[in-house]
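Down below is the structure, laid out as structure tokens.
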Amino acid sequence: CQSTSTEVQTEEPVAEETSPISPLVTEIYTADPSAHVFNGKIYVYPSHDIDAGIPEKDDGSHFAMRDYRVMSMDSVGGKVKLHDVALDIKDVPWAGRQMWAPDATEKDGTYYLFFPAKDKQDVFRIGVATSSSPTGPFKAQPTPIEGSYSIDPAVFKDDNGDYYMYFGGIWGGQLQRWSSGEYNEKDEYPADDQPALSPKVAKLSSDLMSFDGEVKDIQILDKDGKPLLAKDNEKRFFEAAWVHKYNGKYYFSYSTGDTHNIAYAIGDSPVGPFTYQGVILKPVLGWTNHHSIVEKDGKWYLFFHDSSLSGGKTPLRSVKVTELKYNPDGTIQTIDAMVA
Ligand code: FUB
């Protein structure tokens, strides 16, 4: 059975920390960090991992999270505050189970929490909830965003005030069930020599509550301008999209899933195409790898998670942070968090 949010408060880490980078909080397990700077402070929107006692399977049902809690800090290295529950699944009318990796943004003094969860038919959708505070509590809309599907929403605000949502994840994230544009319970993956499944992007409407226009494919190309193929699983998109801008270029970063890297590609437009560059973060302890990238006071940071606090248990992860550095040509220096 699944833990309730009250039981979660008493979770105890089960192992000593084994990685050189410490978790931001140890009172609870946290994962999938989406970090932002609002009003000069860093806010991190993570998943809240729980031990639901569900065996590990490719469909990800062992990630049975039920609520979100926000972390905040004045600066990296400063005291981290873990805030009370920001949104509980019981207060999301359409959601059935599995609150996975969220993201947040701000517009005109309102904070928007975007989150994936399975609906009552067990299909992943993306919802939105709002608050006057960056730490919540957030009030969920009664229905998911129309036309949304799959997992791992990441919202990027461009310099001209346009907002875009990137999303998608294969295997447990169900992206492979949407090839026709309609949900099909049967998994359909491209053949090895065909282009890999594409992450998705949609421009958000001015109230940030819906998609403004079509959901589009994000193209990730190799250096010869050809799409990455399904068999390129060291490089191709799996889940955990994130977009940031550096020196006028758009950086699309993501997890390669079954090969456990955080990889990235660079483009000239927020909707791509993006050209594959390399690895930002090598595999961490635990199956999943998931990150975000944010600038604070002239330095760039990589927020990520690993399973070191739980002694390697994949669904019991902890959020961490380390500095991210660019080379003079705009490429990113690869991080190995196991030895950093
Ligand atoms: O936390 C559940 C899932 O694991 C996320 O949605 C994926 O990105 C992976 O980190």
Side-chain angles (χ1 to χ4, degrees), residues 2-3 8 23 28-35 44-52 54-69 87 89 95-104 113-119 122-127 144 148-155 165-177 197 199-200 236-243 252-264 280-281 283-293 302-310 312-320 337:
Q2 294 175 337
S3 303
V8 162
I28 61 170
Y29 291 108
T30 56
D32 307 326
S34 291
V44 184
Y45 298 83
S47 299
H48 174 188
D49 282 354
I50 53 172
D51 185 357
I54 297 172
E56 288 186 27
K57 270 175 56 184
D58 282 356
D59 73 357
S61 44
H62 48 299
F63 296 106
M65 299 85 99
R66 302 187 58 81
D67 64 18
Y68 295 111
R69 296 182 66 176
L87 181 66
I89 198 160
R97 61 177 181 144
Q98 292 179 289
M99 292 181 112
W100 284 13
D103 193 15
L113 181 72
F114 297 94
F115 60 96
K118 281 185 180 159
D119 66 14
D122 242 16
V123 178
F124 267 117
R125 305 280 180 183
I126 295 168
S148 71
Y149 53 90
S150 198
I151 60 164
D152 291 0
V155 172
M165 182 189 287
Y166 304 83
F167 62 93
I170 64 175
W171 294 20
Q174 300 181 338
L175 188 62
Q176 68 282 358
R177 298 183 176 185
L197 286 171
K200 307 293 173 192
R236 60 94 175 89
F237 173 83
F238 188 101
E239 62 188 4
W242 186 258
V243 168
F252 182 82
S253 47
Y254 55 93
S255 169
T256 62
D258 53 335
T259 52
H260 317 289
N261 292 312
I262 297 296
Y264 75 109
I280 295 177
L281 177 64
V284 296
L285 185 64
W287 197 95
T288 66
N289 205 347
H290 192 122
H291 72 301
S292 62
I293 294 168
L302 178 82
F303 286 77
F304 65 102
H305 68 222
D306 71 17
S307 296
S308 55
L309 188 65
S310 68
K313 292 187 177 159
T314 278
L316 293 178
R317 302 160 291 181
S318 300
V319 168
K320 302 182 167 188

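When a ligand or atom number is given, it counts from 1 through the structure's own listing order.
- Residue contact check: Ala101 has heavy atoms under 4.0 Å from atoms 6 (O) of ligand 1.
- Closest protein heavy atom to atom 9 (C) of ligand 1: Glu239 OE2, 3.3 Å.
- Salt bridge status for Asp258 with Arg236: present, with a side-chain N to carboxylate O gap under 4.0 Å.
- With hydrogens and angles ignored, the 3.5 Å screen pairs a side-chain donor or acceptor of Ser34 with a backbone N or O of Pro102.
- The single protein non-hydrogen atom nearest to atom 3 (C) of ligand 1 is Trp100 CE3, 3.8 Å, given as residue, atom name and distance.
- When the side chain to side chain contact (heavy atoms under 4.5 Å, CB included) test is applied to Pro144, the partners found at least two apart in sequence or on another chain are Trp94, Arg125, Ser148.
- For ligand 1, one of its N or O atoms has an N or O atom of Asp152 under 3.5 Å away.
- Looking at Asp32 next to ligand 1, an N or O pair under 3.5 Å apart turns up.
- Per-residue contacts place His305 under 4.0 angstrom from the following atoms of ligand 1 (heavy atoms of the residue considered): 10 (O).
- Defined by atom type and a distance below 3.5 Å, a donor-acceptor pair is present between the side-chain atoms of His291 and Ser253.
- With Asp59 contributing its side chain and Ser61 its backbone, the two residues share a donor-acceptor pair below 3.5 Å.
- Counting all heavy atoms, side chain and backbone alike, Asp103 lies closest to Pro153 at CB-O, 3.3 Å.
- Some N or O of His290 is nearer than 3.5 Å to an N or O of ligand 1, by distance alone.
- Set against the non-hydrogen atoms of Met65, the atoms of ligand 1 under 4.0 Å away are 1 (O), 2 (C).
- In terms of protein heavy atoms, atom 4 (O) of ligand 1 is closest to Arg317 NH1, 3.3 Å.
- Residue Trp100 forms a ring pair (Phe, Tyr, Trp, His ring centres under 6.0 Å) with just one option from Phe115, Tyr68, Phe124, and that option is Phe124.
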